[in-house]
Amino acid sequence: MLKLGDYNTLKIVKRVDFGLYLDGGDEGEVLLPKRYVTPQMHIGDELEAFIYLDQDERIVATTEAPLVKVNEFACLEVAWTNQYGAFLKWGPMKDLFCPFREQKQRMEQGRSYIVYVKEDEETHRLMATAKVERYLRTLPEPLPVREGSLLGLRHGDAVDCLIWQKTDLGFKTIVDNKYQGQLYDNQIFQPLRTGNRLTAYVDHVRQDGKIDLTLQPTGRQHTLDFAEVLLRYLHENNGFCDLGDKSPAELIADRFKVSKKAYKKAIGDLYRRRLITIADEGIELAKS
């Protein structure tokens with residue numbers, strides 16, 4: 001059975017002037033237009049192709065990678081609008097429709113929005129919705145945390161993070177295309193905006209199933225890695241740094257792009273190794 005809005009592995013069964021036909025099983029033959037055909041494609045070969053509906057609602061294939069698949073979240077730009085809704089750029093030649101009823105605010109041409117891609121239950125066409133909260137997974141009720149893990153995630157795990165929405169606390173995020181996460185302002189040491197996609201790290205999985213994140217790896221290894229960065233900085237700056245463990249977090253973040261907590265841990269590690277001395281005005285390399 002073909003998976004609309006996703007990748008399918010299909011066999012090439014026929015060559016025509018305007019492309020190749022692929023075996024779509026019960027759906028019949030599926031056209032791969034000539035613009036996507038390469039000399040390496042032969043009848044009988046299996047081909048991984050993305051399947052969607054063209055302008056005439058016919059099932060077609062493409063080898064171009066879309067920006068998002070069905071049942072995923074993405075930040076997409078509005079290509080144009082009409083009296084029925086907005087049409088979003090997502091890779092395939094046919095733009096992705098987001099009707100007015102699925103918009104949280106009236107979408108404007110040229111602006112980008114976080115959306116979820118789904119198959120319409122009535123028409124079976126692919127469509128976008130900006131009401132993404134409906135499609136984020138949450139636990140039905142609080143569950144106890146066992147061995148520091150909920151939802152299969154643990155403290156320190158690397159996750160895919162889509163920046164979703166600015167709040168008074170920081171940014172709401174979408175984690176691994178499934179869950180709601182939160183990046184707090186005191187964990188952000190780089191410019192962020194809605195639509196950024198980056199790697200984040202699980203700081204804490206809350207009882208309500210939402211995930212607190214950090215942009216830095218956590219744990220002992222990260223402390224050791226940054227300690228070496230700080231040590232190199234001292235060697236390159238006459239053995240002195242004017243930032244100590246009581247310095248403002250903003251100054252530390254601006255210079256080293258790490259949190260004050262990470263900075264203090266690195267200082268502690270270097271001090272225990274007797275590589276630095278600590279003074280009120282900062283830190284310096286220990287005299288050998």
Side-chain angles (χ1 to χ4, degrees), residues 75 112 114 145 148-150 153-176 179-208 210-288:
C75 186
S112 297
I114 299 292
V145 178
S149 176
L150 271 178
L153 297 174
R154 294 179 180 272
H155 173 78
D157 282 354
V159 294
D160 175 75
C161 178
L162 175 63
I163 302 299
W164 170 21
Q165 192 176 78
K166 184 72 176 79
T167 71
D168 293 338
L169 298 176
F171 282 93
K172 287 183 181 180
T173 70
I174 297 173
V175 177
D176 284 348
Y179 310 117
Q180 181 173 327
Q182 177 72 46
L183 270 171
Y184 294 97
D185 280 331
N186 64 0
Q187 294 288 343
I188 299 173
F189 311 104
Q190 64 191 72
L192 293 178
R193 63 179 183 178
T194 296
N196 288 158
R197 193 179 288 274
L198 65 165
T199 298
Y201 302 87
V202 176
D203 185 46
H204 176 66
V205 182
R206 304 198 309 236
Q207 291 262 309
D208 62 1
K210 295 177 182 178
I211 304 163
D212 292 340
L213 301 167
T214 175
L215 293 182
Q216 300 168 358
T218 60
R220 176 65 176 164
Q221 186 58 49
H222 178 57
T223 299
L224 291 174
D225 291 344
F226 177 64
E228 297 308 312
V229 172
L230 183 55
L231 186 62
R232 185 169 63 250
Y233 176 91
L234 290 169
H235 281 291
E236 294 172 352
N237 289 272
N238 299 316
F240 180 73
C241 178
D242 60 350
L243 299 177
D245 58 7
K246 295 181 181 178
S247 298
E250 294 80 8
L251 293 180
I252 294 170
D254 184 62
R255 188 175 305 179
F256 293 107
K257 304 297 185 289
V258 299
S259 67
K260 184 171 182 177
K261 181 179 179 182
Y263 187 74
K264 290 174 68 174
K265 283 185 176 181
I267 288 178
D269 180 74
L270 294 177
Y271 182 76
R272 283 189 296 272
R273 291 157 61 188
R274 299 182 180 180
L275 296 175
I276 64 169
T277 59
I278 301 173
D280 291 339
E281 62 272 15
I283 60 174
E284 59 183 351
L285 287 172
K287 304 274 192 300
S288 53

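Bear in mind the structure is a predicted one, so any value in this text is a computation, not a measurement. In this chain, residues are counted from 1 in sequence order.
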What distance do Leu231 atom CG and Leu285 atom CG have between them, rounded to the nearest 0.5 Å? 6.5 Å

Pairwise distance CZ(Arg197) to SG(Cys161) - rounded to 0.5 angstrom: 9.0 Å

Under a 3.5 Å distance rule, please check whether Lys260 uses its side chain to pair with a backbone N or O of Ser247 as donor and acceptor. yes

Quick one: pull up NE2 in His235 and CG in Leu275 and give me the separation to the nearest 0.5 Å. 7.5 Å

Kindly say whether Val175 contributes a backbone atom to a donor-acceptor pair with the side chain of Thr173 at under 3.5 angstrom? no

Could you tell me which non-hydrogen atom of Phe171 sits nearest to which non-hydrogen atom of Lys166, and how far apart they are? CZ-CD, 3.3 Å

Under a 3.5 Å distance rule, please check whether Gln182 uses its side chain to pair with a backbone N or O of Ile211 as donor and acceptor. no

So does Arg273 pair up with Asp269, basic N to acidic O under 4.0 Å? yes

Counting only heavy atoms not in Asp185, do more than 12 sit closer than 6.0 Å to its CG atom? yes

Report the residues that fulfil side-chain contact (heavy atoms from CB on, under 4.5 Å) with Asp176, sequence neighbours left out, ordered by chain and then residue number. Leu153, Val159, Asp160

Can you name the nearest heavy-atom pair linking Tyr271 to Ile278, along with the distance? CD1-CD1, 3.9 Å

Give, for atom NZ of Lys210 and atom NZ of Lys172, the distance between the pair rounded to the nearest 0.5 Å. 6.5 Å

Using the test side-chain hydrogen bond (donor to acceptor under 3.5 Å, both in side chains), find all partners of Arg255 that sit at least two apart in sequence or belong to another chain. Tyr233, Asp242

Residue pair Gly244 / Tyr263: nearest heavy atoms and the distance that separates them: O-CE2, 3.7 Å

Hey, mind stepping through Tyr184 and Asp203 against side-chain contact (heavy atoms from CB on, under 4.5 Å) and telling me if it holds? CA-CA 11 Å; Tyr184 294 97; Asp203 185 46; over 6 Å; no

Would you give the length of the straight line joining atom CD1 of Ile163 to atom CG of Asn196, rounded to the nearest 0.5 angstrom? 6.0 Å

By ring pair (Phe, Tyr, Trp, His ring centres under 6.0 Å), which residues pair with Phe240, not counting sequence neighbours? none

Rounded to the nearest 0.5 Å, what separation is found between the CG atom of Leu183 and the CG atom of Leu169? 11.5 Å

Taking all non-hydrogen atoms of both residues, which atom of Ile114 and which atom of Ile174 are closest, and how far apart? CG2-CD1, 4.0 Å

side-chain contact (heavy atoms from CB on, under 4.5 Å) evaluation trace for Ile283 with Leu230: CA-CA 10 Å; Ile283 60 174; Leu230 183 55; 3.9 Å; yes

If you take all heavy atoms of Cys75 and Ser112, which pair is closest and at what distance? SG-CB, 3.7 Å

